[in-house]
Protein chains: 2
Amino acid sequence: MLNEKSLSVSPDCSECPIRHRAVCARCETDELERLEEIKYYRKFEAGQTVIWSGDRMEFVGSVVSGIATLTQTMEDGRTQMVGLLLPSDFVGRPGRSSAAYDVVATTDLVMCCFRKAPFEEMMLRTPHIAQRLLEMTLDELDAAREWMLVLGRKTAREKIASLLSIIARRDASINQRDVEDRLTFDLPLTREAMADYLGLTLETVSRQVSALRKDGVIELEGKRHVTIPDIGRLLEEAGDDADGGVFA
Amino acid sequence: MLNEKSLSVSPDCSECPIRHRAVCARCETDELERLEEIKYYRKFEAGQTVIWSGDRMEFVGSVVSGIATLTQTMEDGRTQMVGLLLPSDFVGRPGRSSAAYDVVATTDLVMCCFRKAPFEEMMLRTPHIAQRLLEMTLDELDAAREWMLVLGRKTAREKIASLLSIIARRDASINQRDVEDRLTFDLPLTREAMADYLGLTLETVSRQVSALRKDGVIELEGKRHVTIPDIGRLLEEAGDDADGGVFA
DNA sequence: GCAAGACTTTGACGCAGATCAAGATTTGGA
DNA sequence: TCCAAATCTTGATCTGCGTCAAAGTCTTGC
């Protein structure tokens, strides 16, 4: 299965998670080349909608850089975010022809896309791709279920702490350490987007963020830059085990 | 790929969804026979725990008959149901060694199980199985995300109506039509289990069920037997489009 | 550098659903 | 058949978060 060429990563693909995670180092050379043929990049600006719920979806792909959200909207306008897409996350469903959710770029976004039909065709012939996608989808399912606990049973304060701990842990690209080796990052979401993710109003989000700051759980510089002095404390506030449940 | 034997269903397997949905009519005869070798049935009584969160999980499988729930519990005892397993639903994750949730039988339950190691091994050699599991997992992910909207944004009354409409639509085995051709079924969940699914208290569930009855949206015979005079009305109460969103 | 719009904070008040409590109904075992 | 436990209903009261309102603070383009 393995050969030298499949292990090497060509420069233009060094940022492409699908190729890294699903394909590279596992498939035959000619499969890699076929995948290369149907691959292309798309860029979106912050605020742009990548795809509307119900639209025909003619590609699948994964996030290379930036952040996007998946949201559902009820007829009366209530909206719930159902997924946060960070670099390396996959978008799209083989076998489904239209999008089930709105996908919106919340920061500038680069996606690595594959035309859907040839990708599906290739999946049929390349078992590792389906297996890798299954693995990724099971991870997403776990994350969705973890989030159900947050939405159904946690208080507003716990919800905020849960969101901050997910962001602090999941997106290596925005995470830094400051001079004292504390976690520090820019929030990639507005208060309103946080509210949509957490099933709260933006006013409640704002109040609870202020409360966490006042209590020393987080530090804020401006509206968006967050520093976590003690990640264990934050996890406690989130109602998680100190060792972090599924996020560990 | 196809041959006569793979299309025929042996009697002892006529109820096994994995075989129907993932394997039958798609694989070679010898794969079918190997699958048969590692297959076994397990029965559980109502109330029994199938597996505890964190336990080593040495099988995967699917529900043949009965209903089970997936729940998460916080240290302080708050619990959230994160999945409802109806006949044909799959349990277990190839590649994961321990269970992430408690699985509890809420009615008498029959499961069709496969020993995990040989099943995984077989999955590697039989692309259709991974592809079928991917399809099923994507469906579960959609259901989980639909439920996030219910948990995050719907009122108590809408939540109850949403749960009833899911049960009314998804479990063909408990669904009947009465003499006037109206949907009618026994609720497979206690008020407490409904509360755990909906992120409510059991008192609120009881009150809202009573309210829906008083308003003629549902009819009750005893505590558990429900009749839906007008499914469109119920969907309206659930806040869904009359044509049902992802449940359509 | 300033005006307009987007985003955020804070306050006052109301309400949906939680909590606490008591009692009714159903189930099951001796 | 009867008692005990489980399940469900209903009422009274409390509270966390939503709603409405106003003002503060960033950002952007001119």
Side-chain angles (χ1 to χ4, degrees), chain A residues 45-48 74 76-80 104 106-108 150-164 186-215 218-226 237 239, chain B residues 45-48 74 76-80 104 106-108 150-164 186-215 218-226 237 239:
Chain A
E45 288 175 17
Q48 243 189 309
M74 293 171 66
D76 61 8
R78 281 178 280 177
T79 71
Q80 175 65 50
V104 180
T106 55
T107 64
D108 288 349
V150 172
L151 290 173
R153 293 301 184 192
K154 291 194 178 179
T155 64
R157 173 185 262 246
E158 289 171 331
K159 285 178 174 181
I160 301 288
S162 297
L163 177 57
L164 291 175
D186 278 316
L187 267 181
L189 301 174
T190 64
R191 298 289 184 264
E192 189 180 24
M194 292 172 70
D196 283 343
Y197 202 9
L198 296 166
L200 298 170
T201 59
L202 65 90
E203 292 95 330
T204 298
V205 170
S206 180
R207 275 185 249 273
Q208 296 298 335
V209 169
S210 298
L212 289 173
R213 178 172 48 71
K214 189 151 58 67
D215 297 345
I218 61 175
E219 286 166 25
L220 281 178
E221 205 174 322
K223 313 283 183 188
R224 295 287 192 91
H225 194 83
V226 179
E237 290 285 352
Chain B
E45 288 173 19
Q48 244 189 308
M74 294 171 67
D76 62 9
R78 281 177 282 177
T79 72
Q80 176 65 49
V104 180
T106 56
T107 64
D108 288 350
V150 173
L151 290 172
R153 292 300 184 194
K154 291 194 178 179
T155 64
R157 172 186 263 245
E158 289 170 331
K159 285 178 175 182
I160 301 287
S162 297
L163 177 56
L164 291 175
D186 278 317
L187 267 179
L189 301 173
T190 65
R191 298 288 186 267
E192 190 182 22
M194 292 171 71
D196 283 344
Y197 203 8
L198 297 166
L200 298 170
T201 59
L202 66 90
E203 294 94 329
T204 298
V205 170
S206 180
R207 274 186 250 275
Q208 296 297 336
V209 169
S210 298
L212 288 174
R213 177 172 48 70
K214 189 151 58 66
D215 297 345
I218 59 174
E219 287 166 24
L220 281 177
E221 204 174 322
K223 312 285 183 189
R224 295 287 192 90
H225 194 84
V226 179
E237 290 284 351

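Below, chains carry the letters A, B, ... as their sequence lines are ordered, and counting in each starts from 1.
Taking B:Ser210 as the reference, nothing meets the side chain to side chain donor-acceptor pair (under 3.5 Å) condition, with sequence neighbours excluded. For the side chain to side chain donor-acceptor pair (under 3.5 Å) test, residues two or more places apart in sequence or in another chain that qualify with B:Glu219 are B:Arg182. Qualifying side chain to side chain donor-acceptor pair (under 3.5 Å) partners for A:Arg78, counting only residues two or more places apart in sequence or in other chains: A:Asp76, B:Glu158. Taking B:Lys223 as the reference, nothing meets the side chain to side chain donor-acceptor pair (under 3.5 Å) condition, with sequence neighbours excluded. Applying the side chain to side chain contact (heavy atoms under 4.5 Å, CB included) test to A:Glu45 and every residue at least two apart in sequence or in another chain returns A:Gln48, A:Asp108. Looking at residues two or more places apart in sequence or on another chain, you find a side chain to side chain contact (heavy atoms under 4.5 Å, CB included) between B:Ala211 and B:Arg157, B:Gln208.
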Please list each protein N or O that sits under 3.5 Å from an N or O in nucleotides 26-30 of chain C, with the distance.
none

Taking N or O atoms only and anything under 3.5 Å, show me the protein contacts with nucleotides 17-19 of chain C, one pair per line.
residue: C:dG17; atom: OP1; partner: B:Ala156; partner atom: N; Å: 2.8
residue: C:dA18; atom: OP2; partner: B:Thr201; partner atom: N; Å: 3.4
residue: C:dA18; atom: OP2; partner: B:Thr201; partner atom: OG1; Å: 3.1
residue: C:dA18; atom: OP2; partner: B:Thr204; partner atom: OG1; Å: 2.4
residue: C:dT19; atom: O4; partner: B:Arg207; partner atom: NH2; Å: 2.9

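Each salt bridge (Lys or Arg N to Asp or Glu O under 4.0 Å) pair with one or both residues in residues 188-199 of chain B, not counting sequence neighbours, appears once here: A:Arg153-B:Asp196.
Residues B:Val150 and B:Leu163 form no side-chain contact, since every pair of their non-hydrogen atoms from C-beta on lies 4.5 Å or further apart.
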**Report entry** Residue pair B:Gln80, B:Leu151: steps toward the side chain to side chain contact (heavy atoms under 4.5 Å, CB included) verdict
**Finding:** CA-CA 10 Å; B:Gln80 176 65 49; B:Leu151 290 172; 3.9 Å; yes

Requested in this report: Would you check, one step at a time, whether the test side chain to side chain contact (heavy atoms under 4.5 Å, CB included) holds for A:Glu237 with A:Leu164?
Outcome: CA-CA 11 Å; A:Glu237 290 285 352; A:Leu164 291 175; over 6 Å; no

Can you give each donor-acceptor pair under 3.5 Å made by side-chain atoms of residues 198-207 of chain A, sequence neighbours left out, with the distance rounded to 0.1 Å?
residue: A:Thr201; atom: OG1; partner: A:Thr204; partner atom: N; Å: 3.3
residue: A:Thr201; atom: OG1; partner: A:Thr204; partner atom: OG1; Å: 3.1

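For A:Leu189 and C:dC7, the CG to C1' distance is 14 Å, given to the nearest whole Å. What separates CD of A:Glu192 from C1' of C:dT8 is a distance of 12 Å, to the nearest Å. Computed from coordinates, the B:Lys159 NZ to C:dA16 C1' distance equals 11 Å when rounded to whole Å.
Taking five base pairs at each end of the helix from C:dG1-D:dC30 to C:dA30-D:dT1, the local helix axes there meet at an angle of 50°, rounded to 10°.
B:Asp186 contributes atom CG, which lies 9.0 Å from atom CD of B:Glu221 (distance to the nearest 0.5 angstrom). For the atom pair CG of A:Leu189 and OH of A:Tyr197, the computed distance is 9.0 Å after rounding to the nearest 0.5 Å.
Contact annotation for A:Thr190: backbone-only contact, meaning every heavy-atom pair under 4.0 Å involves sugar-phosphate atoms and none involves a base.
Where DNA chain D meets chain B (any atom under 4.0 Å from a heavy atom), the bounding nucleotides read 5' to 3' are D:dC8 to D:dA12.
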